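Structure, as structure tokens:
Throughout, protein chains are lettered first and strands after them, A, B, ... in sequence-line order, and every chain is numbered starting at 1. Every value quoted in this text rests on a predicted model; they were computed, and no experiment measured them.
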There are 2 protein chains.
Amino acid sequence: MMRGAASGMDKSLDDRVGGDRKVTCFGRSESLPFQTLSPELLVALGAIGRPKTLACDEVLVAAGEQPGIVGFVMDGVLRMEKTLIDGQRQIVGLLVAGDMFGRVFDGAFPFSVEAATECEICSFPKTRFETLLEGSPELERVLLLNQLNELDSAREWLGLLANHRTIDKVAGFLVFLHRRWAHLAETRKQPELGTLIDLPISRLDMAEALGTRTEGISRAFHALQDRKLITIVTPYRFVIHDFDELERMSGLSESESEIDARAAMRAAHTLR
Amino acid sequence: MMRGAASGMDKSLDDRVGGDRKVTCFGRSESLPFQTLSPELLVALGAIGRPKTLACDEVLVAAGEQPGIVGFVMDGVLRMEKTLIDGQRQIVGLLVAGDMFGRVFDGAFPFSVEAATECEICSFPKTRFETLLEGSPELERVLLLNQLNELDSAREWLGLLANHRTIDKVAGFLVFLHRRWAHLAETRKQPELGTLIDLPISRLDMAEALGTRTEGISRAFHALQDRKLITIVTPYRFVIHDFDELERMSGLSESESEIDARAAMRAAHTLR
DNA sequence: CCGCGTCATTGATGATCGTCAATCGGTCGC
DNA sequence: GCGACCGATTGACGATCATCAATGACGCGG
């Protein structure tokens, strides 16, 4: 919290990639957005980045405010949401490890960002981050590609909400989670049984994400279980037996191979 | 199974621009994304940009393909859509004058882009555009801000789809259109009567955009008329009498002043 | 160990929507 | 002008969901 970044780049030489100091935000996960940047940039970023732990339901950015920070998630799940006039909430996105939050070169953020679970994040003062950005097309490129990812995610989400029956929405949500987070620890493969998925959010969060109610979510899960497509281990843990059928129900058509191909393409460009 | 907007609408949207065959794509509209770029860049862009006219329902980019072009819309409306496994289509975005399409530094585009009306676009060969981009942080900045806009749009769309009753979705859609396109010719203010809005798309397009059916859209419009909130002039032309109530129904909370403030903020940064 | 609160689940019922079918209105080709 | 056609509209009915209410499961503090 009070770690002085004033000494700048020199001091953080030992904080850099691969360093095991807990004061650095880098060098831990494989999926961080800045993984492909040059060492010099990582050093500069490390000098202004601060790790932070959020308690569940803690508010990181309030809707409509002009956030003074940008950053990315290292662990846990954050939800991006909007509270409507009538008090209803709508969740427009979930942030997991590697996802960025906040906005450069822009004013008020129309959504609030809250911790859906206990979280660890890395945040940068917005102005200092923007200063770095001014001098680094490389960093700007990463941001641009990151936006593309977010856009894909948002539109895939649109496809989920477009489903008429909530059982299809829920089916799609499971596929969505698995596709986006397969690389994280929440999922494990067990060839005999299927794929284990830990749901990181409550029924209420899911309902608000899919535009339904908790009761509908619950019924949908149990209907999926009746169809032998999943097994409910606990309300927060499932085993997926038939991914293809879930995909078919939800209408999500992109296969994983396509997803991977696109991700690889982006990585190549980033490295270029 | 031919689909497309009624020919009656074609007439109403047609002949607006006249038949001038300028070689350049620039210098006409106030709302083009590249308006703030330096003259040198505009010249360079003008050298590789080519205007093009699309007939209604013409396919500009097929889903899953790697488009060879990027560009922006000069006139008309394009829809970004995805055809699901079962043949159902989902519209994830509408592109109007000033909106960009295509993607730099990325592979296959997961959606198809089709003309919802007769359109005029300006397209650049992707590779040449990327070459320009490599040497121009200024241009990259514009793209980044453009992505932010698209993200906002997609998430606002999410809010629409989250509404349970389709009358609320339709109400929100009208507000959405007016906010995004108020600067275009499709809307006109008439203080005594309300605001005139020309809907540029068919009932089917709207249904697929909002995740419902044409019958529901139709019923919703007439229910809104019964409540004296709108007047249906033709199936493609409405007069809005009570915008505030429509906003309230849809849950869209951001006021226009906020929207304007954010747009101004972006413009300032772009100009910087 | 008990009591309390929170969340998930289940049941029942009215509201809304999707679906199928019929009708209307306008356009276009002849 | 006539007729075929396409899209919008309207009606009727079954499917699905939101809502309200009650119950069950679980964790936490006393």
Query - 5'-most by nearest nucleotide on DNA chain C - Ile167(B) or Ser202(A) - result: Ser202(A)
Atom pairs under 3.5 Å, N or O on each side, protein against nucleotides 20-25 of chain C: can you list them with distances?
| unit_1 | atom_1 | unit_2 | atom_2 | d |
| --- | --- | --- | --- | --- |
| dC20(C) | N4 | Glu215(B) | OE2 | 3.2 |

Query raised in the report: Is Asn163(A) reaching over with its side chain to a backbone N or O of Ser250(A), donor-acceptor style, under 3.5 angstrom?
Result: yes
Report summary line: When rounded to whole Å, the CE to C1' distance for the pair Met206(B) and dT9(D) reads 15 Å
**Report entry** Rounded interatomic separation in angstrom, taking CD from Gln225(A) and P from dA8(C)
**Finding:** 16 Å
Query - Residue pair Arg79(A), Asp57(A): steps toward the salt bridge (charged side-chain N to carboxylate O under 4.0 Å, His left out) verdict - result: CA-CA 9 Å; Arg79(A) 51 174 190 263; Asp57(A) 288 331; 3.0 Å; yes
Requested in this report: Could you check how far CG of Leu224(A) sits from P of dT9(C), rounded to whole Å?
Outcome: 12 Å
Requested in this report: Report the distance from atom CG of Leu161(B) to atom C1' of dC17(D), rounded to the nearest whole Å.
Outcome: 17 Å
**Report entry** Any Arg165(B) side-chain N or O less than 4.0 Å from OP1/OP2 of dA15(C)
**Finding:** no
Report task. Look at Thr166(B) and dC17(C) and indicate whether a side-chain polar atom (N or O) is within less than 4.0 Å of OP1 or OP2. Result -> yes
Report task. Report yes if a side-chain nitrogen or oxygen of His222(B) is closer than 4.0 Å to either non-bridging phosphate oxygen (OP1 or OP2) of dT9(D); otherwise report no. Result -> yes
Query raised in the report: 5'-most contact on DNA chain C: Thr214(A) or His164(A), nearest heavy atom basis?
Result: Thr214(A)
Report summary line: Quick note, Tyr236(B) side chain, CB onward, closest among dT9(C), dA8(D), dT9(D) is dA8(D)
Query raised in the report: Under 3.5 Å, side chain of Asp152(B) to main-chain N/O of Asn149(B), donor-acceptor pair present?
Result: no
Query raised in the report: Arg213(B) side chain: which of dT19(C), dA8(C), dT9(D) is closest?
Result: dT19(C)
Query raised in the report: For Arg237(B) and dA8(D), what is the distance between atoms CZ and P respectively, to the nearest whole Å?
Result: 16 Å
Requested in this report: For Met206(B) and Val170(B), run side-chain contact (heavy atoms from CB on, under 4.5 Å): C-alpha distance rounded to whole Å, both residues' side-chain angles, the deciding distance at 0.1 Å, then the answer.
Outcome: CA-CA 9 Å; Met206(B) 249 190 94; Val170(B) 171; 4.1 Å; yes
Report task. Only counting residues at least two apart or in another chain, list the ones meeting ring-ring contact (aromatic ring centres under 6.0 Å, His included) with Phe238(A). Result -> Phe221(A)
**Report entry** Closest non-hydrogen atom pair, Ala116(A) against Cys56(A)
**Finding:** O-SG, 3.3 Å
